[in-house]
> 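My structure is below; once you've seen it, I'll send some questions.
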There are 2 protein chains.
Amino acid sequence: MKKGLTITYDEYMLKFKGLIKSLGLNNSVQREYVLKILFDCDNHLSAEDIAKKVKDVHNINIGIATVYRILALLEELNIIKGISIDGFESKVYELNLTSHHDHMVCVECGKIVEFYDAEVEKIQELVAIENGFKLQSHNMMLYGICKDCQEHE
Amino acid sequence: MKKGLTITYDEYMLKFKGLIKSLGLNNSVQREYVLKILFDCDNHLSAEDIAKKVKDVHNINIGIATVYRILALLEELNIIKGISIDGFESKVYELNLTSHHDHMVCVECGKIVEFYDAEVEKIQELVAIENGFKLQSHNMMLYGICKDCQEHE
DNA sequence: TTCCCTGCAAAGGATTTGCATACAA
DNA sequence: TTGTATGCAAATCCTTTGCAGGGAA
């Protein structure tokens with residue numbers, strides 16, 4: 001079971017299949033495997049990463065276009081979240097399983113640390129209200145040098 | 001004089017030329033005009049926007065590759081800052097004249113509002129320390145619907 | 001049978017690079 | 001003169017799209 005979660009892969013997948021069906025869409029091994037890779041992996045993965053892992057782990061072929069289409073669908077359904085990181089060529093994706101959080105990235109080694117701060121969330125809401133905005137989402141990235149990389153310098 | 005500033009364009013440009021020379025680089029009308037466009041403009045501009053404005057306003061030709069090269073140089077020198085916005089195809093740039101601030105973007109019309117919150121800055125520093133990071137920079141984007149677009153719905 | 005989904009290859013769009021020429025000092 | 005900067009075109013890289021074939025229900 002994925003760390004910190006109370007849902008198993010089977011339960012999760014069953015829920016997903018139900019959602020897909022309820023939208024009048026079809027299930028497919030490609031969709032299932034992309035989701036499984038993201039479920040099993042604790043890192044943030046790019047479309048290429050996912051394609052490679054699906055091929056390696058599940059020993060099937062999958063076109064990169066299919067991966068992008070599946071990622072777009074999953075993001076649309078709010079099942080995954082894509083994040084853009086300065087200095088990274090491509091977007092990376094993570095499951096929306098755990099509650100909302102932001103990211104801190106090491107500019108040396110690319111390590112990604114997740115964090116959450118209730119105060120920041122509150123302030124963002126205030127800033128939006130002050131400016132007459134109806135807040136929909138936000139994206140906060142901190143960039144710095146992690147402990148390991150500081151020591152190696 | 002640019003809003004909220006105590007430096008004129010001439011002073012600013014003089015300083016820039018000095019910096020360029022001190023680095024052993026050459027001055028050029030292209031560099032001067034790109035900087036002038038950013039100095040005069042209150043919006044955030046893409047490389048294409050800048051190329052177009054330089055051509056229109058100053059009636060010279062400028063290759064898009066040159067614009068990108070100049071923007072990279074200016075960003076390297078910390079004179080400008082490029083920001084990536086979800087849903088925008090290309091990076092946009094702004095002068096680093098005013099103090100640090102973050103951005104809130106309307107997902108309907110693309111309007112960009114700048115804001116600053118000392119509390120957020122403080123918290124970011126704390127989060128970094130807690131995780132052993134040496135903080136270098138951050139990027140915080142709020143996405144929502146601005147007052148105008150809410151009314152038009 | 002009827003859509004939906006996939007793989008492949010081609011297309012797109014932003015940005016970068018190679019190279020010959022033009023320019024600044 | 002000498003190295004730097006530019007413009008053009010070609011090349012990259014990530015992502016999207018068109019299309020014909022394969023698959024689910």
Side-chain angles (χ1 to χ4, degrees), chain A residues 13-14 16-35 37 44-52 54-55 58-77 80-93 110, chain B residues 13-14 16-37 44-52 54-55 58-77 79-93 110:
Chain A
M13 194 52 63
L14 218 59
F16 172 66
K17 286 182 184 169
L19 176 59
I20 286 292
K21 189 180 288 184
S22 75
L23 293 168
L25 302 175
N26 293 342
N27 193 28
S28 74
V29 287
Q30 287 84 351
R31 283 177 181 166
E32 208 165 307
Y33 286 163
V34 166
L35 200 46
I37 291 294
H44 298 73
L45 302 173
S46 70
E48 287 287 357
D49 293 337
I50 293 168
K52 190 166 182 326
V54 168
K55 286 176 193 168
H58 298 289
N59 205 38
I60 64 162
N61 184 38
I62 186 170
I64 188 67
T66 300
V67 175
Y68 276 109
R69 278 186 283 234
I70 292 173
L71 290 173
L73 172 67
L74 294 176
E75 193 162 19
E76 180 76 23
L77 296 177
I80 64 172
K81 187 166 161 42
I83 60 176
S84 304
I85 305 179
D86 287 0
F88 281 45
E89 339 59 43
S90 42
K91 229 171 160 178
V92 292
Y93 296 84
Chain B
M13 193 51 64
L14 217 59
F16 172 66
K17 285 181 185 170
L19 176 59
I20 287 291
K21 189 180 289 184
S22 76
L23 293 167
L25 302 176
N26 293 341
N27 192 30
S28 75
V29 287
Q30 287 85 350
R31 283 179 179 163
E32 209 166 308
Y33 286 163
V34 166
L35 199 46
K36 180 154 179 46
I37 291 294
H44 298 73
L45 302 173
S46 70
E48 286 288 357
D49 293 338
I50 292 167
K52 191 167 181 324
V54 169
K55 286 177 193 168
H58 298 288
N59 204 40
I60 64 161
N61 184 38
I62 186 170
I64 189 66
T66 300
V67 174
Y68 276 108
R69 279 187 282 234
I70 292 173
L71 290 173
L73 172 68
L74 295 177
E75 193 162 21
E76 179 76 22
L77 295 178
I79 292 173
I80 65 172
K81 186 165 161 43
I83 61 175
S84 305
I85 304 179
D86 286 1
F88 281 45
E89 337 63 42
S90 41
K91 228 170 161 180
V92 292
Y93 296 84

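What you see is a predicted model; the values in this text were computed from it and never measured. Below, chain A is the first sequence line, B the second, and so on; all start at residue 1.
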> What's the CD1-P distance between A:I20 and C:dC5, to the nearest Å?
8 Å
> Under 4.0 Å: is that the gap between some side-chain N or O of A:T66 and OP1 or OP2 of C:dG7?
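A:T66 to C:dG7 OP1/OP2: side-chain N or O found under 4.0 Å.
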> Under the 3.5 angstrom rule, does the side chain of A:E32 hit a backbone N or O of A:M13 as a donor-acceptor pair?
no
> Can you measure B:K55 atom NZ to D:dT6 atom C1' for me and round it to whole angstrom units?
13 Å
> Please determine whether a side-chain nitrogen or oxygen atom of B:N27 lies at a distance below 4.0 Å from atom OP1 or OP2 of D:dT4.
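Result: no.
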> Less than 4.5 Å apart, any side-chain heavy atom of B:S84 and any of A:S84?
no
> Any side-chain heavy atom of A:H44 sitting closer than 4.5 Å to one from A:I83?
yes
> Answer with base, sugar-phosphate or nothing: what part of the nucleic acid does A:I62 contact at a heavy-atom distance below 4.0 Å?
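Sugar-phosphate contact only.
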> Among the nucleotides D:dT15, D:dG7, C:dT6, which one has an atom lying closest to any side-chain atom of A:R69?
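When the side chain of A:R69 is considered, C:dT6 is the closest of D:dT15, D:dG7, C:dT6.
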> D:dA5 phosphate, OP1 or OP2: any side-chain N/O from B:R31 under 4.0 angstrom?
yes
> Taking only the side-chain heavy atoms of A:S90 (C-beta and beyond), determine which of D:dT15, D:dC8, C:dG7 contains the nearest atom.
D:dT15
> When the distance from CD of A:E32 to C1' of C:dT6 is rounded to whole Å, what number comes out?
16 Å
> For C:dT6, does OP1 or OP2 lie under 4.0 Å from any side-chain N or O of A:N26?
no
> Once you apply a heavy-atom cut-off of 4.0 Å, does A:I70 come out as touching a base, just sugar-phosphate, or nothing?
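Sugar-phosphate contact only.
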> How many whole angstroms separate atom NZ of B:K21 from atom P of D:dG3?
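Atom-to-atom, B:K21 to D:dG3, this comes out as 19 Å.
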> Counting any heavy atom closer than 4.0 Å, what does B:K91 reach on the DNA or RNA strands: base, sugar-phosphate only, or nothing?
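Counting heavy atoms under 4.0 Å across all strands, the contact made by B:K91 is with sugar-phosphate only.
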> Distance check needed: C:dT15 P versus B:L71 CG, whole Å only.
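So the two atoms are 9 Å apart, to the nearest Å.
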> After noting the C-alpha distance and the side-chain angles of B:I79 and B:L19, does the key distance pass the side-chain contact (heavy atoms from CB on, under 4.5 Å) rule?
CA-CA 11 Å; B:I79 292 173; B:L19 176 59; 4.0 Å; yes
> Expressed in angstrom and rounded to an integer, what is the separation of A:L23 atom CG from C:dC3 atom P?
18 Å
> Would you mind reading off the distance between A:F88 atom CZ and D:dT15 atom P, rounded to a whole angstrom?
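My rounded result for the distance is 13 Å.
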> Quick one: on DNA chain C, does B:Y68 or B:L25 contact a more 5' nucleotide (nearest heavy atom)?
B:Y68
> Please pick, from C:dA9, C:dT6, D:dC8, the nucleotide with the shortest atom-to-atom distance to any side-chain atom of A:A65.
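Among C:dA9, C:dT6, D:dC8, the one nearest the side chain of A:A65 is C:dA9.
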> Write down the distance between CD1 (A:I64) and P (D:dC13), rounded to a whole number of angstrom.
14 Å
> Is the phosphate of C:dC23 approached by B:Q30 (side-chain N or O, under 4.0 Å from OP1 or OP2)?
no
> Does any part of the side chain of A:V54, heavy atoms only, come nearer than 4.5 Å to the side chain of A:V67, both counted from C-beta?
no
> Any side-chain N or O of A:S46 less than 4.0 Å from the OP1 or OP2 oxygen of D:dC14?
no
> With no hydrogens and no angle check, is any side-chain donor or acceptor of B:R31 less than 3.5 Å from a backbone partner on B:L73?
no
